[in-house]
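Every number for a ligand or one of its atoms is a count from 1 in the order of the listing. No experiment lies behind these values; they were computed from the predicted model shown.
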Amino acid sequence: MKKILTIESSCDEFSVAIMIDGKIKTNIISSQISEHTKYGGIIPELASRLHVKNFFWVLSSALKEAAIPIETIDIVSYTAKPGLIGSLIIGKIVAQTIALYLNVPCMEMDHIQGHIYAANIEQKFEFPLLSLVASGGHTQIFLLKKQLDFNLLGTTHDDAVGECYDKIARALGFGYPGGAKIDKLASLGNENTYQLPLSMQDDSYDFSYSGLKTASLNLINKLKENLNINDFCASFQKAAILTMVQKFKKAIEEYKPKMISIAGGVSANSRLRKEIKDIANDNNIKISIPIFDYCTDNGAMIAELTNEYLLYRGE
Ligand code: KG4
Ligand code: ZN
């Protein structure tokens, strides 16, 4: 039985997952949101300090929940990049210390690849696969012609979609992170009340969210208390999600994937999930979307990625 212990600490969550023979046994996540929300965003120094404070109980809880002694772990892995450098370093030190103590290999993993493979935990990928990565730090389209073959088709030129959600949520006084709150209120509003721009409608697969951000902030400042919050959230969500969906549809036409997928924190968004399911139905394409627990940062997605690399190497 192969046992993988994985650490994900790239931003404001410290998470430890244990996978036994390809199955996630535990996925403990310590969230720091309540600490950062009072500042309206993540304070990197605070994130690192809280990782130092939290890692021991997260690790102990994971081992307890998986009901295995640490000595039985065969492989350790951790998120090496991209992320906040202080946060990444804490995860790396914890992972390498465990690997050194156990005398087992320690593998470096990529956070974005982990987000993509979160969907593979429940529904195995078929190739070619197109994945839309929508997170707090990234908005990207990847083509995977085969397992672990990541080809970046396009990326954001400025803000990421989740970042845009969070900045607008902050201006509305929703606290950090506000994407889920906007999503919830959007379901109560009229999406055609306010006209907000769909940026970068060009031939590339790149994105830009600064135009939507500026137009939204201007509208909020102009209308003040006359702004209908639910209608605004619905209108904003329509523009934010359709900006990605339009480009994703274009990529589907060009690359004709067998399966499509979404990844990252914004893949929890109700509108995005519905749009992606509709695209799959309309085009008769298979779909793999992550369950909610695996959308935002978590160790399980990095463990799944580690396992795929091991399988690929025949281990
Ligand atoms: O992937 P993630 O945990 O962080 C990065 O790796 O960047 O994503 C966090 C982002 C935040 O911006 C948060 O507001 C957004 O995901 N988010 C949502 C929803 N749930 C989380 N955005 C829109 N709708 C949601 N339901
Ligand atoms: Zn992430």
Take every heavy atom of His111, measure it against each atom of ligand 1, and state whether any distance is under 4.0 Å. yes
I'd like to check whether Pro177 has a polar contact with ligand 1, where a contact means an N/O of the residue lying under 3.5 Å from an N/O of the ligand. no
Would Gly162 count as being in polar contact with ligand 1, using the rule that some N or O on each side must be under 3.5 angstrom apart? yes
Roughly how far, to the nearest 0.5 Å, is the NZ atom of Lys249 from the CG atom of Leu130? 14.5 Å
Taking distance alone, with N or O pairs closer than 3.5 Å, would you say Asp166 contacts ligand 1? yes
Consider ligand 1: state whether an atom of it lies below 4.0 angstrom from any non-hydrogen atom of His115. yes
Atoms of the protein (N/O/S only) found under 2.8 Å from the Zn ion (ligand 2): His111 NE2, His115 NE2, Asp297 OD1
Ligand 1 contacted by Ala268 (non-hydrogen, < 4.0 Å): yes
Ring-plane angle category for Phe14 and Phe55, please: parallel below 30°, perpendicular beyond 60°, tilted otherwise. tilted
Is it true that a side-chain atom of Asp159 and a backbone atom of Tyr209 form a donor plus acceptor pair closer than 3.5 Å? no
May I ask you to identify, for Asp297, whether its side chain, its backbone, both or neither come under 4.0 Å of ligand 1 on a heavy-atom basis? both
Between Ser261 (side chain only) and Ile289 (backbone N and O only), is there a donor and an acceptor less than 3.5 Å apart? no
Taking all heavy atoms of Arg49 and all of Glu45, pick out the closest pair and write down the distance. NE-OE2, 2.6 Å
Would you say Asn269 and ligand 1 have an N/O pair spaced under 3.5 Å apart? yes
Ligand 1 and Tyr165, any nitrogen or oxygen pair closer than 3.5 angstrom? no
Tell me the ring-ring contact (aromatic ring centres under 6.0 Å, His included) pairs involving residues 153-205, sequence neighbours left out? Tyr165-Phe236
Less than 3.5 Å between some nitrogen or oxygen of Gly265 and one of ligand 1, yes or no? yes
For atom 5 (C) of ligand 1, which candidate among Gly136, Ala180, Ala169 holds the nearest heavy atom? Gly136
